[in-house]
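Just below is one structure, and these are the notes that go with it.
The basis for the numbers below is simple: all heavy atoms, side chains too, and nothing from hydrogens, waters or symmetry mates.
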Amino acid sequence: MKLKDLSEQTQESQPTIKHLDVSSNLLKSGKELAMFPNLETLIIDNNYFFRLDDFPVLPNLITLSANKNTFNNFDMFIQHCKEKFPRLSHLSLIKNPICPMFTQGEEENINYRAKFIQELPQLKNLDGTPVNPLEADPNFQKLQQQAKQQQVQNYDEQKRGTIDYNAKYQKPNSKTVKTKSEGNRFVKNTHL
């Protein structure tokens, strides 16, 4: 709808609305969200939000999808989430300057996730990926990689010296016989 302000769209039953999707508009401010105090899901993807300080306190908000906005202050974003969305358990910030998922390396993404999980321990899903509470430890990923390498090494040692059977490498035992006989095709029916 290319809304610049949520007050442009008036609805009669605003207090009962629990799920709101205002994606792909031109919104910059969240102060009009105060009209929706019972929100549980808020989708603000593809807008121009860059901070949460003008957002109202939404005590029931569980899911916040803020993909493709311009949030750029990591610490301020986390602080506002703690203050304004105490029940937040699903958060997505893909394609924001603070999210290193597609723009930076793996180590930055690991640190980003660890910081969010430390600061918001109730998170169950971050950027579309389930949260493991152990991820709050920066060494968790390294320990997980080491365990995976150990499993691969153990598997390779077990397989050493064995040959797997694969039917595609088997020699055929018999020659292929055609389903139709063509032996009498040159002999006329009257000569049979």
Side-chain angles (χ1 to χ4, degrees), residues 1-4 6 9 17-34 36-149 151-152:
M1 296 174 81
K2 302 297 181 212
L3 300 176
K4 292 184 180 178
L6 281 175
Q9 182 70 23
I17 294 175
K18 292 186 178 187
H19 307 282
L20 181 64
D21 184 346
V22 291
S23 297
S24 299
N25 284 289
L26 305 171
L27 301 174
K28 294 180 183 178
S29 171
K31 62 185 174 192
E32 288 86 13
L33 292 171
F36 309 99
N38 296 319
L39 284 179
E40 292 177 4
T41 303
L42 177 59
I43 302 171
I44 57 173
D45 298 345
N46 201 19
N47 279 291
Y48 296 101
F49 294 106
F50 64 97
R51 59 182 191 215
L52 294 174
D53 59 350
D54 59 351
F55 276 62
V57 174
L58 299 171
N60 299 323
L61 191 69
I62 295 170
T63 302
L64 174 62
S65 179
N67 300 321
K68 274 186 92 175
N69 280 283
T70 55
F71 294 109
N72 57 12
N73 189 324
F74 187 83
D75 295 322
M76 187 170 38
F77 185 88
I78 288 179
Q79 188 59 36
H80 286 133
C81 280
K82 286 177 170 178
E83 295 168 1
K84 298 176 183 282
F85 318 129
R87 293 184 59 210
L88 188 65
S89 61
H90 301 277
L91 175 63
S92 185
L93 295 170
I94 296 170
K95 293 204 175 183
N96 275 286
I98 63 173
C99 179
M101 184 178 267
F102 298 113
T103 58
Q104 298 174 13
E106 184 178 354
E107 190 169 329
E108 288 83 4
N109 194 40
I110 291 168
N111 293 336
Y112 159 84
R113 287 182 64 82
K115 178 86 171 171
F116 258 111
I117 295 165
Q118 287 170 354
E119 297 291 327
L120 301 170
Q122 73 276 12
L123 275 182
K124 294 179 183 168
N125 194 299
L126 178 60
D127 296 329
T129 307
V131 167
N132 182 343
L134 298 175
E135 284 182 272
D137 178 13
N139 295 324
F140 171 74
Q141 204 71 18
K142 292 175 186 171
L143 295 172
Q144 200 172 23
Q145 270 186 332
Q146 288 173 351
K148 200 177 282 186
Q149 287 174 348
Q151 286 177 342
V152 168

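Of the inter-residue distances, the one linking K18 atom NZ with L42 atom CG reads 15.5 Å to the nearest 0.5 angstrom. From L123, atom CG reaches atom NE2 of H90 across 9.0 Å, with rounding to the nearest 0.5 Å. Expressed to the nearest 0.5 Å, how far CG of L91 lies from CG of N67 amounts to 9.0 Å. Summarising the geometry, atom CG belonging to L61 is positioned 9.5 Å from atom CZ belonging to R87; distances are rounded to the nearest 0.5 Å. For the atom pair N38 CG and L20 CG, the distance stands at 12.5 Å (nearest 0.5 Å). The distance from the CG atom of L126 to the OH atom of Y112 is 4.5 Å, given to the nearest 0.5 Å.
Counting all heavy atoms, side chain and backbone alike, P97 lies closest to N69 at CD-O, 3.9 Å. Closest of all the heavy-atom pairs between S89 and Q122 is CB-O, 3.6 Å. Shortest non-hydrogen contact noted between L58 and F36 is CD2-O, 3.5 Å. The two residues I117 and P133 make their nearest non-hydrogen contact at CG2-O, 4.2 Å. Across L93 and C99, no two heavy atoms sit closer than the pair O-CB, 3.2 Å. Between P130 and N125, the shortest heavy-atom distance links the atoms N-ND2, 4.0 Å.
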Inset, instruction - Start with the C-alpha distance between I44 and L27, add both sets of side-chain angles, then the distance that settles side chain to side chain contact (heavy atoms under 4.5 Å, CB included), and finish with yes or no. - result: CA-CA 9 Å; I44 57 173; L27 301 174; 5.9 Å; no

(request) Under the side chain to side chain contact (heavy atoms under 4.5 Å, CB included) rule, what do L52 and F85 come out as? Steps first, then yes or no, please. (result) CA-CA 10 Å; L52 294 174; F85 318 129; 3.9 Å; yes

Side chain to side chain contact (heavy atoms under 4.5 Å, CB included) assessment of K82 paired with L120: CA-CA 7 Å; K82 286 177 170 178; L120 301 170; 3.6 Å; yes

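E107 meets the side chain to side chain donor-acceptor pair (under 3.5 Å) test with no other residue; sequence neighbours excluded. Residues satisfying the side chain to side chain donor-acceptor pair (under 3.5 Å) criterion with D45, sequence neighbours excluded, are S65. In this structure T103 satisfies the side chain to side chain donor-acceptor pair (under 3.5 Å) test with no other residue, sequence neighbours excluded.
A side-chain N or O of T41 and one of H19 form a donor-acceptor pair less than 3.5 Å apart.
Counting only residues at least two apart or on different chains, no salt bridge (Lys or Arg N to Asp or Glu O under 4.0 Å) pair has a member in residues 121-132. Sorted by first and then second residue, the salt bridge (Lys or Arg N to Asp or Glu O under 4.0 Å) pairs involving residues 50-63 (not counting sequence neighbours) are R51-D53.
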N/O donor to acceptor pairs below 3.5 angstrom from side-chain atoms of residues 70-77, sequence neighbours left out:
residue, atom, partner, partner atom, Å
T70, OG1, F49, O, 2.9
N73, OD1, D75, N, 3.4
N73, OD1, M76, N, 3.1

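Of the candidates N96, N46, I94, N46 is the only one forming a side chain to side chain contact (heavy atoms under 4.5 Å, CB included) with K68.
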